[in-house]
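Note that the coordinates shown come from a computational prediction; the quantities given were computed from them, not determined experimentally.
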Amino acid sequence: MIAIIDYDAGNIKSVEKAFQYIGEETILTRDTDVLLNADHVVLPGVGAFGDAMQKIKDYHLENTIYDIVDKKIPFMGICLGLQLLFESSDETPGVSGLGILPGKILRIPDAEGLKIPHIGWNSLELTNNGRLFEGIHNESYVYFVHSYYLKAENEEIVKASTEYGTHIHASVEKDNVFACQFHPEKSGDVGLEILKNFAKLK
């Protein structure tokens with residue numbers, strides 16, 4: 001059973017449908033007991049960093065997420081869900097993220113001819129043998145929608161990166177925690193393969 005954290009942050013239904021498409025049983029929930037007894041847990045999301053952190057607190061999900069990580073349940077953040085795992089974001093100065101992984105979320109710098117938000121397909125440079133990318137070719141294309149990007153403190157947790165006006169850490173992995181800045185649920189066959197790889201993690 002894959003539990004998808006429901007905290008009113010958008011894009012949740014498309015993530016659920018993608019997992020169902022590859023044959024996984026899913027549940028949308030914010031129930032602590034259900035989340036702590038799931039085989040896998042996903043934190044999706046689109047929207048603003050500060051609003052999302054407030055909703056996590058309003059629904060009393062902060063400690064639940066820490067407990068999921070402590071229990072070593074495979075846990076995946078997608079898009080905003082990746083950003084919330086880190087310490088802070090330029091989008092909402094003064095608001096702390098979950099701080100599960102060290103690093104900061106920065107605004108994509110303005111550059112001539114560069115549209116922000118970054119919306120579209122970019123290729124991934126795969127590094128450090130990420131388990132989400134098993135069987136996926138280097139420079140495969142995935143779909144991004146974001147104005148802010150991750151700069152992780154520890155390069156060894158970075159499993160994929162891309163270039164869009166700057167060097168963007170596009171996917172990270174540490175122990176049972178996985179995250180993608182891009183949207184695997186909108187990234188065609190490559191994205192579905194990433195979700196399959198996550199679903200088979202123990």
Walk me through it: do Q181 and Q83 pass the test side chain to side chain donor-acceptor pair (under 3.5 Å)? CA-CA 8 Å; Q181 177 60 67; Q83 297 183 4; 3.0 Å; yes
Quick one: does any side-chain atom of D31 pair with a main-chain N or O of V34 as donor and acceptor, under 3.5 Å? yes
I'd like to know if I4 and V177 are part of one continuous hydrophobic network [Ile/Leu/Val/Met/Phe/Trp/Tyr, side-chain heavy atoms within less than 4.5 Å]. no
At what distance, to the nearest 0.5 angstrom, does CG of L124 lie from CD of E139? 9.5 Å
How close do T127 and A160 get, heavy atom to heavy atom, and via which atoms? OG1-N, 4.2 Å
Between K55 and D6, does any side-chain N to carboxylate O distance fall below 4.0 Å? no
Heavy-atom closest pair, residues I78 and P184: CG2-CD, 3.9 Å
Should D90 and R107 count as an ion pair when the cut-off is N to O under 4.0 Å? no
In Å, rounded to the nearest 0.5 Å, how long is the span from CG of L126 to OG of S140? 6.5 Å
Over all heavy atoms of both residues, which pair between I2 and F19 is shortest? Give the atoms and the distance, please. CD1-CD2, 3.4 Å
Is a side-chain N or O of T162 found less than 3.5 angstrom from the main chain of A170, in a donor-acceptor match? no
Is the backbone N or O of F49 less than 3.5 Å from a side-chain atom of E91, with the two atoms forming a donor-acceptor pair by type? yes
Check step by step if salt bridge (charged side-chain N to carboxylate O under 4.0 Å, His left out) holds for K196 and D189. CA-CA 10 Å; K196 286 178 190 172; D189 291 343; over 6 Å; no
For N128 and V158, indicate whether the former's side chain and the latter's backbone hold a donor-acceptor pair under 3.5 Å. yes
Judged by atom type as modelled, is there a donor-acceptor pair below 3.5 Å linking the side chain of N11 to the main-chain atoms of G45? no
F182/Y143 aromatic ring centres below 6.0 Å: no
At their closest point, which heavy atom of S89 faces which heavy atom of Y148, and how far apart are they? OG-CD2, 4.3 Å
Check this for me: K71, atom NZ, are more than 12 non-hydrogen atoms of other residues, nucleotides or ligands nearer than 6.0 Å? yes
Are the side chain of N197 and the backbone of E134 linked by a donor-acceptor contact shorter than 3.5 Å? yes
Pairwise distance NZ(K57) to CG(N63) - rounded to 0.5 angstrom: 11.0 Å
If only atom types and distance count, is the side chain of K174 paired as donor or acceptor with the main-chain N or O of L101 below 3.5 Å? no
Under 3.5 Å, is there a donor-acceptor pair between the side chain of E87 and the main chain of G103? yes
Looking at Y66, I'd like to know if its OH atom is crowded, meaning that more than 12 non-hydrogen atoms belonging to other residues, nucleotides or ligands lie closer than 6.0 Å. yes
About how many Å separate SG of C180 and CG of L150, when rounded to the nearest 0.5 Å? 11.5 Å
Ionic contact status for E185 with K17, cut-off 4.0 Å: no
Check the hydrophobic clustering (I, L, V, M, F, W, Y; side-chain heavy atoms under 4.5 Å; chains of links allowed) and say if I194 and V15 are grouped together. yes
Measure the spacing between NZ of K202 and NE2 of H40 and express it to the nearest 0.5 Å. 6.5 Å
Ring-plane angle category for F144 and H146, please: parallel below 30°, perpendicular beyond 60°, tilted otherwise. tilted
Please walk me through it: do D8 and Y59 pass side chain to side chain donor-acceptor pair (under 3.5 Å)? CA-CA 10 Å; D8 302 335; Y59 289 128; 2.3 Å; yes
F86 and A152 have their tightest heavy-atom pair at CE2-CB, 4.4 Å
Shortest non-hydrogen contact from I73 toward N176: O-ND2, 2.8 Å
Given 3.5 Å as the limit, does a donor-acceptor pair link the side chain of Y164 with the main chain of K115, or not? yes
Would V190 and M76 show up in the same hydrophobic cluster when neighbours are defined by side-chain heavy atoms closer than 4.5 Å? yes
Determine whether L82 and Y149 fall in the same hydrophobic cluster, where Ile, Leu, Val, Met, Phe, Trp and Tyr are linked whenever their side-chain heavy atoms lie under 4.5 Å apart. no
Could you walk me through whether D67 and T64 satisfy the side chain to side chain donor-acceptor pair (under 3.5 Å) test, starting with their C-alpha distance in whole Å, then the side-chain angles of each, then the deciding distance to 0.1 Å, before giving a yes or no? CA-CA 5 Å; D67 289 344; T64 302; 5.7 Å; no
Donor-acceptor under 3.5 Å (S123 side chain, Y141 main chain): no
